[in-house]
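Below you'll find the structure, written out as structure tokens, and then a few comments.
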Amino acid sequence: MSQPLFALVDVNNFYVSCERVFAPKLEKVPMVVLSNNDGCAVARSAEVKALGVKMGAPWFQIKDLAKIHGIQAYSSNYTLYADMSQRVVDILKQFTSQLEVYSIDESFLRIDTVLQHHASPTALGLGIKERIKDWTGLPVCVGMGSSKTLAKFANHLAKKYSQWQGVCDLNTLSKSELHQWMSEVEVGEVWGIGHKLAKRLQVMGVKTVWDLVQVSPQAMRLHFGVVMERLCYELRGVSCLELEEVAPPKQQIIASRSFGKLVTSFEDLSESIATHTSRAAEKLRLQNSVAGAITIFIQTNRFMSREPQYAQSIVLPLVTPTDDTLVLITAAMKGLEKIFKGGFRYKKAGVVLNLIADKPNLQPSLFDDPKSRGQSAHLMKAIDEINTKFGQSILKPAATGTKKSWEMRSGNRSPNSTTHWNQLPIAY
DNA sequence: TCTGGGGTCCTAGGACCC
DNA sequence: TCTGGGGTCCTAGGACCC
């Protein structure tokens, strides 16, 4: 088995580039794409990045700058982006079948297995770049290295330094050249090193990527844990992270939104929660899954430090895992009743569905002895109250057990088995 | 005045089991 | 009343990613 060679293909300024494909006059125009409610910038063109606008910067903070420099702002169009993303993936599959779709605008490719068809990795990278540009209009950069982390790093170089012309294969570098490039880049740019870790590393004197390559992975494990150790090996060219060609089943589905205007009433919140639940349930059915529990959360505006703050969530285990919207909404409403507190101005509400696919140990039996499991007292109490109040066993006291008993249950799931749920009053 | 949405993994600690 | 090792499961919180 040869040493692996990974490529990371990443669309430049993806959302912005998508908009430009359909409005070529926007080429070279400084522009941003805004998040929901037009709250903050989730994509920036190169011109805007050059002005120092950070990812996620709130729109109201960059408005003045926008006026001065003529920055155009667009609301996001995720349907369009998803479609463009699929086109890019389809093209990448023409180059290799070993592909991991990492995000809406990034894919990892295993390319050492297809190099015989190309003059060099760089030639392959240029081929990918050109075909995507020709067929979709989107600009990409390609980074290549012996591990996924190195491919990411190479992609960073390809994006940031124009002499690479969009394609960087680290293996073409001599040791001293690699040393130089790694010394050039701050440690916080490394995939897996965020704000906090970067700070801690800097305190230790590890400031650049090169510094991190110099320290011993074992020592880093002691200080930071196994993730950092793996990362160190990856940077040294020892591949620890495999290509995930088949996406593992989702463990949770989230549906949440910030409110355009703050809301105060239970009615408004329940309407929002019902909508989110219904959206989440749709996604759930799309992937043929069922939820074993549903989480509801509500919160005030955390940025308004002078306002009274409140954030609460509740996990509601379901007696029978389900994908039924009405059942889920019913449970959600009961959850909301538990956590709602009047007198606050709410900014955000949301729903999390916890899927059973990845929780083989979840056992939905209502007859589990709750005392036999580590079940928190307050949750037990909440479940009790809800069941008493509504006279129905909608929530189960324990969610643990063996895989076997769950499988028995799920095998028995029939369209009619949830009928009684639908007869429950919907509380909104 | 105005600050997104959707995910994953790891760790520590409590509660329980034999 | 105190004593042990080995293990599972769950939750909460922290950190990261795009």
Side-chain angles (χ1 to χ4, degrees), chain A residues 8 10-11 13-15 32-43 54-64 75-76 78 81 85 101-107 148-149 152 188-200 221 224-231 241 244 247-262 276 279-280 283 292-293 295 297 299-307 313-315 317 345 347-355 358-363 368-380 398-403:
Chain A
L8 178 72
D10 185 322
V11 182
N13 319 323
F14 182 54
Y15 298 166
V32 294
V33 172
L34 299 177
S35 66
N36 198 269
N37 292 332
D38 292 344
C40 38
V42 289
K54 296 271 182 281
M55 173 68 173
W59 175 237
F60 73 88
Q61 274 177 16
I62 49 183
K63 250 181 185 163
D64 290 345
S75 296
S76 39
Y78 290 100
Y81 310 149
S85 173
V101 180
Y102 176 68
S103 78
I104 194 164
D105 72 330
E106 285 175 67
S107 290
K148 287 165 89 173
T149 307
K152 266 276 198 186
E189 297 289 340
V190 173
W191 187 38
I193 307 230
H195 276 91
K196 304 272 171 121
L197 285 176
K199 222 174 190 175
R200 284 174 63 194
R221 180 184 189 133
F224 297 95
V226 62
V227 177
M228 179 69 85
E229 182 191 26
R230 210 156 49 201
L231 199 154
L241 302 170
E244 289 182 18
K250 275 207 192 355
Q251 302 176 33
Q252 55 180 214
I253 290 174
I254 300 179
S256 72
R257 284 285 180 280
S258 297
F259 298 117
K261 275 186 186 159
L262 300 177
H276 296 325
R279 264 205 309 141
K283 293 192 212 172
T295 303
F297 66 87
Q299 51 194 250
T300 51
N301 190 341
R302 63 196 166 93
F303 294 105
M304 310 271 284
S305 45
R306 284 188 307 265
E307 285 235 351
S313 68
I314 186 172
V315 183
R345 311 206 300 154
K347 176 63 182 171
K348 187 173 180 181
V351 169
V352 185
L353 299 183
N354 305 101
L355 310 197
D358 254 341
K359 295 199 159 195
N361 292 321
L362 192 74
Q363 184 196 50
D368 262 4
D369 175 9
K371 286 194 287 292
S372 72
R373 299 287 164 196
Q375 188 88 57
S376 74
H378 86 272
L379 179 57
M380 286 300 304
T400 63
T402 65
K403 179 170 185 170

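Every chain is numbered from 1, with letters handed out A, B, ... down the list of sequences.
Taking the P atoms as reference points, B:dT3 lies 24 Å from C:dC18, given to the whole Å.
Ring orientation note: the planes of A:Y102 and A:W191 are nearly perpendicular, at an angle over 60° on the 30°/60° scale.
The main-chain N or O of A:I254 is found under 3.5 Å from a side-chain atom of A:K283 such that the two form a donor-acceptor pair.
The separation between A:L262 atom CG and B:dC2 atom P is 6 Å, rounded to whole Å. For the pair A:F60 CZ and B:dC2 C1', the interatomic distance rounds to 5 Å; values are reported in whole Å. When the P atom of C:dA12 is taken as reference, atom CG of A:N354 falls 11 Å away, rounded to whole Å.
When side chains are defined from C-beta on, A:K148 does not count as touching A:L8, because their heavy atoms never get closer than 4.5 Å. At least one side-chain heavy atom of A:L262 sits under 4.5 Å from a side-chain heavy atom of A:K347.
The minimum heavy-atom distance linking A:I104 with A:F14 is given by the pair CG1-CE2, 3.7 Å. Residues A:S76 and A:N36 approach most closely at OG-N, 4.5 Å, considering heavy atoms.
Five base pairs at each end of the helix from B:dG5-C:dC18 to B:dC18-C:dG5 define two local axes, and these are offset by 10° (rounded to 10°).
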Subject >> Nucleic acid footprint by protein, nucleotides 5-10 of chain B - heavy-atom cut-off 4.0 Å, B for base, S for sugar-phosphate alone >> reply: SSSBSS
Original post:
What string of B, S and - do you get for nucleotides 13-18 of chain C, 5' to 3', when a contact is any protein heavy atom under 4.0 Å?
Top reply: --SSSS
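Contacts of A:M304 with the nucleic acid, taken as non-hydrogen atoms under 4.0 Å apart, involve only primed sugar atoms and P, OP1 or OP2.
Atom-to-atom distance recorded for A:I253:CD1 and A:R279:CZ is 11.0 Å, nearest 0.5 angstrom.
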